[in-house]
Amino acid sequence: MEILDGKKVSNEIKAEIKVEVDQMKERGEKVPHLAAVLVGTDGASLTYVGSKVRSCKRIGFESTFIHLPENTTEEELLRQVEDLNNNVDIDGYIVQLPLPRHIDEQKVLMAVDPDKDVDGFHPTNFGKMTLDMESFVPATPYGIMELMRRYDVDTEGKHTVVIGRSHIVGRPISILMSQKGKAANSTVTLTHSRTKDLAKFTREADIIVSALGVPDFLKADMVKEGVVIVDVGITRVPDATKEKGYYITGDVDFGNVSKKASHITPVPGGVGPMTIAMLLKNTLIARERHRSRS
Ligand code: GUN
(Lines give C-alpha, C1' and ligand atoms only; values in the text may rest on other atoms or scores of the structure.)
Protein backbone atom coordinates (compact mmCIF):
# COMPACT_ATOMS: atom_id res chain seq x y z
CA MET A 1 0.00 0.00 0.00
CA GLU A 2 1.28 3.42 -0.95
CA ILE A 3 0.17 6.63 0.77
CA LEU A 4 -0.64 9.43 -1.67
CA ASP A 5 1.11 12.10 0.37
CA GLY A 6 -0.62 15.36 -0.46
CA LYS A 7 1.38 17.28 2.08
CA LYS A 8 4.68 16.29 0.46
CA VAL A 9 3.50 16.82 -3.14
CA SER A 10 1.87 20.16 -2.29
CA ASN A 11 5.18 21.32 -0.79
CA GLU A 12 6.94 20.33 -4.03
CA ILE A 13 4.40 22.28 -6.10
CA LYS A 14 4.68 25.32 -3.83
CA ALA A 15 8.49 25.17 -4.09
CA GLU A 16 8.17 25.10 -7.92
CA ILE A 17 5.84 28.12 -7.82
CA LYS A 18 8.23 29.95 -5.47
CA VAL A 19 11.08 29.52 -7.98
CA GLU A 20 8.91 31.26 -10.60
CA VAL A 21 7.94 34.05 -8.20
CA ASP A 22 11.59 34.61 -7.28
CA GLN A 23 12.41 34.92 -11.00
CA MET A 24 9.57 37.43 -11.45
CA LYS A 25 11.02 39.50 -8.60
CA GLU A 26 14.52 39.35 -10.13
CA ARG A 27 13.12 40.62 -13.41
CA GLY A 28 11.40 43.44 -11.50
CA GLU A 29 7.94 42.19 -12.46
CA LYS A 30 4.78 42.35 -10.41
CA VAL A 31 4.19 39.18 -8.37
CA PRO A 32 0.83 37.33 -8.32
CA HIS A 33 -1.79 38.82 -6.00
CA LEU A 34 -4.61 36.64 -4.60
CA ALA A 35 -7.56 38.02 -2.67
CA ALA A 36 -9.95 35.97 -0.54
CA VAL A 37 -13.39 37.10 0.56
CA LEU A 38 -14.99 35.48 3.60
CA VAL A 39 -18.46 36.36 4.84
CA GLY A 40 -19.17 35.39 8.45
CA THR A 41 -17.25 33.49 11.09
CA ASP A 42 -17.64 29.78 10.22
CA GLY A 43 -14.70 28.06 11.97
CA ALA A 44 -13.75 25.72 9.12
CA SER A 45 -13.93 28.50 6.51
CA LEU A 46 -11.76 30.77 8.69
CA THR A 47 -9.17 27.97 8.92
CA TYR A 48 -9.18 27.34 5.15
CA VAL A 49 -8.95 31.00 4.19
CA GLY A 50 -6.25 31.59 6.82
CA SER A 51 -4.26 28.73 5.33
CA LYS A 52 -4.64 30.08 1.80
CA VAL A 53 -3.47 33.57 2.81
CA ARG A 54 -0.51 32.21 4.83
CA SER A 55 0.59 30.03 1.90
CA CYS A 56 0.58 33.11 -0.35
CA LYS A 57 2.94 34.92 2.00
CA ARG A 58 5.30 31.92 2.22
CA ILE A 59 5.80 31.65 -1.53
CA GLY A 60 6.11 35.38 -2.11
CA PHE A 61 2.64 36.20 -3.49
CA GLU A 62 0.79 39.27 -2.40
CA SER A 63 -2.47 38.51 -0.63
CA THR A 64 -5.51 40.39 0.59
CA PHE A 65 -8.01 38.99 3.06
CA ILE A 66 -11.41 40.65 2.98
CA HIS A 67 -13.42 39.58 6.01
CA LEU A 68 -17.04 40.73 5.95
CA PRO A 69 -19.61 40.36 8.77
CA GLU A 70 -22.28 37.62 8.71
CA ASN A 71 -25.03 40.23 8.11
CA THR A 72 -23.40 41.58 4.91
CA THR A 73 -26.14 42.00 2.29
CA GLU A 74 -26.03 40.42 -1.15
CA GLU A 75 -25.81 43.90 -2.64
CA GLU A 76 -22.77 44.77 -0.49
CA LEU A 77 -21.03 41.53 -1.44
CA LEU A 78 -21.76 42.12 -5.14
CA ARG A 79 -20.23 45.59 -4.79
CA GLN A 80 -17.11 44.04 -3.23
CA VAL A 81 -16.91 41.57 -6.13
CA GLU A 82 -17.22 44.42 -8.61
CA ASP A 83 -14.38 46.30 -6.83
CA LEU A 84 -12.15 43.23 -7.10
CA ASN A 85 -13.03 42.84 -10.80
CA ASN A 86 -11.97 46.46 -11.40
CA ASN A 87 -8.82 46.39 -9.25
CA VAL A 88 -5.95 45.88 -11.72
CA ASP A 89 -3.59 44.92 -8.90
CA ILE A 90 -5.58 41.74 -8.11
CA ASP A 91 -4.79 38.78 -10.40
CA GLY A 92 -7.28 36.36 -8.92
CA TYR A 93 -9.71 36.04 -6.05
CA ILE A 94 -12.04 33.61 -4.37
CA VAL A 95 -15.29 34.02 -2.49
CA GLN A 96 -15.16 31.33 0.18
CA LEU A 97 -18.18 29.01 0.21
CA PRO A 98 -20.61 28.37 1.77
CA LEU A 99 -22.11 31.85 1.91
CA PRO A 100 -24.74 32.81 4.52
CA ARG A 101 -28.22 31.66 3.48
CA HIS A 102 -29.55 35.13 2.74
CA ILE A 103 -27.04 35.51 -0.12
CA ASP A 104 -27.65 33.90 -3.52
CA GLU A 105 -24.44 31.95 -4.17
CA GLN A 106 -25.07 31.59 -7.91
CA LYS A 107 -25.61 35.32 -8.34
CA VAL A 108 -22.29 36.05 -6.62
CA LEU A 109 -20.30 33.44 -8.54
CA MET A 110 -21.79 34.73 -11.82
CA ALA A 111 -20.52 38.22 -10.98
CA VAL A 112 -16.87 37.14 -10.70
CA ASP A 113 -14.74 38.13 -13.72
CA PRO A 114 -13.88 34.75 -15.38
CA ASP A 115 -10.30 36.03 -15.93
CA LYS A 116 -9.88 36.37 -12.13
CA ASP A 117 -11.92 33.29 -11.21
CA VAL A 118 -9.06 31.19 -9.80
CA ASP A 119 -11.65 28.87 -8.16
CA GLY A 120 -12.93 27.94 -11.63
CA PHE A 121 -16.55 28.19 -10.46
CA HIS A 122 -17.84 30.67 -13.09
CA PRO A 123 -19.91 28.99 -15.84
CA THR A 124 -17.44 30.29 -18.45
CA ASN A 125 -14.57 28.40 -16.81
CA PHE A 126 -16.67 25.36 -15.91
CA GLY A 127 -17.99 25.19 -19.49
CA LYS A 128 -14.52 25.56 -20.99
CA MET A 129 -13.19 22.82 -18.68
CA THR A 130 -16.02 20.52 -19.79
CA LEU A 131 -15.18 21.20 -23.46
CA ASP A 132 -11.42 20.48 -22.98
CA MET A 133 -10.59 24.16 -23.48
CA GLU A 134 -7.99 26.09 -21.48
CA SER A 135 -9.62 27.33 -18.26
CA PHE A 136 -9.20 27.66 -14.52
CA VAL A 137 -9.86 24.19 -13.10
CA PRO A 138 -11.40 24.09 -9.58
CA ALA A 139 -8.60 23.61 -7.09
CA THR A 140 -9.75 20.43 -5.32
CA PRO A 141 -10.30 18.30 -8.46
CA TYR A 142 -7.19 19.86 -10.03
CA GLY A 143 -5.27 18.80 -6.89
CA ILE A 144 -6.60 15.24 -7.05
CA MET A 145 -5.54 14.94 -10.72
CA GLU A 146 -2.09 16.37 -9.99
CA LEU A 147 -1.57 14.04 -7.01
CA MET A 148 -2.43 10.99 -9.15
CA ARG A 149 -0.25 12.25 -12.01
CA ARG A 150 2.77 12.67 -9.75
CA TYR A 151 2.33 9.19 -8.24
CA ASP A 152 1.77 7.68 -11.72
CA VAL A 153 -1.52 6.13 -10.63
CA ASP A 154 -2.84 4.08 -13.55
CA THR A 155 -6.31 5.42 -14.39
CA GLU A 156 -6.58 4.55 -18.08
CA GLY A 157 -9.51 2.23 -18.79
CA LYS A 158 -10.13 1.88 -15.05
CA HIS A 159 -13.53 2.19 -13.43
CA THR A 160 -13.65 5.29 -11.26
CA VAL A 161 -16.56 5.68 -8.88
CA VAL A 162 -17.13 9.20 -7.57
CA ILE A 163 -19.31 9.59 -4.47
CA GLY A 164 -21.03 12.99 -4.32
CA ARG A 165 -22.14 15.36 -7.10
CA SER A 166 -21.19 18.76 -5.63
CA HIS A 167 -20.24 21.56 -8.00
CA ILE A 168 -16.90 21.97 -6.17
CA VAL A 169 -15.64 18.36 -6.26
CA GLY A 170 -17.86 15.46 -7.43
CA ARG A 171 -19.19 16.95 -10.67
CA PRO A 172 -15.89 18.42 -11.93
CA ILE A 173 -13.72 15.39 -10.98
CA SER A 174 -16.17 13.11 -12.82
CA ILE A 175 -15.67 15.24 -15.95
CA LEU A 176 -11.88 15.51 -15.64
CA MET A 177 -11.31 11.80 -15.09
CA SER A 178 -13.37 10.87 -18.14
CA GLN A 179 -11.37 13.21 -20.39
CA LYS A 180 -8.29 12.30 -22.40
CA GLY A 181 -4.87 12.64 -20.77
CA LYS A 182 -2.69 11.55 -17.87
CA ALA A 183 -4.53 10.50 -14.68
CA ALA A 184 -7.67 10.43 -16.83
CA ASN A 185 -9.13 8.21 -19.63
CA SER A 186 -11.17 6.57 -16.92
CA THR A 187 -14.68 5.08 -17.12
CA VAL A 188 -16.56 7.15 -14.58
CA THR A 189 -19.68 6.46 -12.52
CA LEU A 190 -21.00 9.46 -10.58
CA THR A 191 -22.97 8.32 -7.54
CA HIS A 192 -24.97 10.45 -5.11
CA SER A 193 -27.61 10.44 -2.38
CA ARG A 194 -30.25 8.91 -4.71
CA THR A 195 -28.01 6.10 -5.96
CA LYS A 196 -29.51 2.66 -5.22
CA ASP A 197 -27.13 0.12 -3.66
CA LEU A 198 -24.04 2.33 -3.64
CA ALA A 199 -21.87 -0.52 -2.33
CA LYS A 200 -22.57 -2.48 -5.54
CA PHE A 201 -20.69 0.30 -7.41
CA THR A 202 -17.91 0.85 -4.89
CA ARG A 203 -17.14 -2.91 -4.75
CA GLU A 204 -16.59 -2.89 -8.51
CA ALA A 205 -14.48 0.28 -8.51
CA ASP A 206 -10.77 0.39 -9.36
CA ILE A 207 -10.64 3.97 -8.08
CA ILE A 208 -12.97 5.63 -5.55
CA VAL A 209 -13.16 9.39 -5.06
CA SER A 210 -15.27 10.06 -1.99
CA ALA A 211 -16.54 13.62 -1.48
CA LEU A 212 -19.43 13.09 0.88
CA GLY A 213 -18.45 14.61 4.26
CA VAL A 214 -19.66 11.63 6.34
CA PRO A 215 -16.96 10.30 8.69
CA ASP A 216 -16.06 6.61 8.30
CA PHE A 217 -18.67 6.15 5.56
CA LEU A 218 -16.56 3.93 3.28
CA LYS A 219 -15.85 0.61 5.02
CA ALA A 220 -13.52 -2.22 4.04
CA ASP A 221 -16.40 -4.50 2.95
CA MET A 222 -17.43 -1.86 0.38
CA VAL A 223 -14.16 -1.99 -1.61
CA LYS A 224 -12.16 -4.57 -3.51
CA GLU A 225 -8.50 -5.56 -3.08
CA GLY A 226 -6.06 -3.18 -4.81
CA VAL A 227 -8.47 -0.22 -4.97
CA VAL A 228 -7.16 3.36 -5.21
CA ILE A 229 -8.82 5.59 -2.58
CA VAL A 230 -9.05 9.37 -2.78
CA ASP A 231 -10.70 10.72 0.38
CA VAL A 232 -11.95 14.28 -0.08
CA GLY A 233 -13.99 14.39 3.13
CA ILE A 234 -12.82 16.83 5.81
CA THR A 235 -15.15 16.69 8.82
CA ARG A 236 -14.58 18.18 12.26
CA VAL A 237 -15.70 15.68 14.89
CA PRO A 238 -16.22 17.19 18.38
CA ASP A 239 -13.78 15.67 20.90
CA ALA A 240 -13.24 17.25 24.33
CA THR A 241 -9.92 15.40 24.77
CA LYS A 242 -8.35 17.39 21.88
CA GLU A 243 -6.81 20.79 22.37
CA LYS A 244 -9.00 22.36 19.67
CA GLY A 245 -12.11 20.53 20.88
CA TYR A 246 -12.37 18.46 17.68
CA TYR A 247 -10.42 16.18 15.38
CA ILE A 248 -10.40 16.06 11.57
CA THR A 249 -11.43 12.93 9.74
CA GLY A 250 -12.31 11.85 6.21
CA ASP A 251 -15.06 9.73 4.61
CA VAL A 252 -13.00 6.56 4.74
CA ASP A 253 -12.44 4.03 7.54
CA PHE A 254 -8.71 4.45 6.96
CA GLY A 255 -7.45 1.77 9.35
CA ASN A 256 -9.35 -1.05 7.63
CA VAL A 257 -9.70 0.22 4.04
CA SER A 258 -5.95 0.96 3.77
CA LYS A 259 -5.27 -2.79 4.30
CA LYS A 260 -7.02 -3.55 0.98
CA ALA A 261 -5.97 -0.45 -0.99
CA SER A 262 -3.05 -0.13 -3.42
CA HIS A 263 -2.97 3.67 -2.90
CA ILE A 264 -4.80 5.88 -0.41
CA THR A 265 -4.88 9.56 0.57
CA PRO A 266 -4.78 10.29 4.32
CA VAL A 267 -6.94 12.89 6.10
CA PRO A 268 -5.44 15.24 7.07
CA GLY A 269 -2.45 15.47 4.72
CA GLY A 270 -4.01 14.24 1.48
CA VAL A 271 -6.33 16.24 -0.77
CA GLY A 272 -6.58 19.29 1.58
CA PRO A 273 -3.04 20.63 1.09
CA MET A 274 -3.26 19.89 -2.66
CA THR A 275 -6.29 22.20 -2.92
CA ILE A 276 -4.26 25.11 -1.58
CA ALA A 277 -1.28 24.38 -3.85
CA MET A 278 -3.49 24.33 -6.95
CA LEU A 279 -5.23 27.57 -5.98
CA LEU A 280 -1.77 29.15 -5.89
CA LYS A 281 -0.96 27.54 -9.25
CA ASN A 282 -4.16 29.03 -10.74
CA THR A 283 -3.19 32.45 -9.37
CA LEU A 284 0.25 32.16 -10.97
CA ILE A 285 -1.43 31.26 -14.28
CA ALA A 286 -3.76 34.28 -13.89
CA ARG A 287 -0.75 36.59 -13.37
CA GLU A 288 1.01 35.21 -16.44
CA ARG A 289 -2.11 35.70 -18.57
CA HIS A 290 -2.57 39.26 -17.32
CA ARG A 291 1.12 40.08 -17.97
CA SER A 292 1.03 38.72 -21.52
CA ARG A 293 -2.03 40.89 -22.23
CA SER A 294 -0.70 44.15 -20.80
N1 GUN B 1 -15.42 25.87 0.17
C2 GUN B 1 -14.98 24.60 0.19
N3 GUN B 1 -14.07 24.41 -0.78
C4 GUN B 1 -13.92 25.59 -1.41
C5 GUN B 1 -13.11 26.03 -2.49
O6 GUN B 1 -12.33 25.29 -3.11
N7 GUN B 1 -13.25 27.34 -2.84
C8 GUN B 1 -14.12 28.17 -2.21
N9 GUN B 1 -14.19 29.43 -2.64
N10 GUN B 1 -14.87 27.80 -1.22
C11 GUN B 1 -14.78 26.51 -0.81
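Just so you know, ligand 1 is whichever comes first in the structure, and atom 1 is the first atom listed for that ligand.
Counting non-hydrogen atoms of neighbouring residues, nucleotides and ligands closer than 6.0 angstrom, the NZ atom of K18 reaches no more than 12 such neighbours. Counting non-hydrogen atoms of other residues, nucleotides and ligands closer than 6.0 Å to NZ of K107 gives a total of 12 or fewer.
By the rule that hydrophobic residues join a cluster once side-chain heavy atoms approach within less than 4.5 Å of another member, Y246 and F254 end up as members of separate clusters.
The cationic group of R289 lies under 6.0 Å from the six-membered ring centre of F136 and within 45° of the ring axis, placing it in a cation-pi geometry.
Between K260 and D221 the shortest heavy-atom distance is NZ-CA, 4.5 Å.
Protein heavy atom nearest atom 10 (N) of ligand 1, with residue, atom name and distance: L97 N, 3.0 Å. In terms of protein heavy-atom proximity, atom 11 (C) of ligand 1 is closest to Q96 NE2, 3.4 Å.
Of the polar atoms of D119, at least one N or O is found under 3.5 Å from an N or O of ligand 1, judged by distance alone. Considering backbone and side-chain N/O atoms, T140 never comes within less than 3.5 Å of an N/O atom of ligand 1.
For the pair F121 and ligand 1, a heavy-atom separation below 4.0 Å is found.
The closest non-hydrogen atom to atom 3 (N) of ligand 1, taken over I168, V95, L38, L99, comes from I168.
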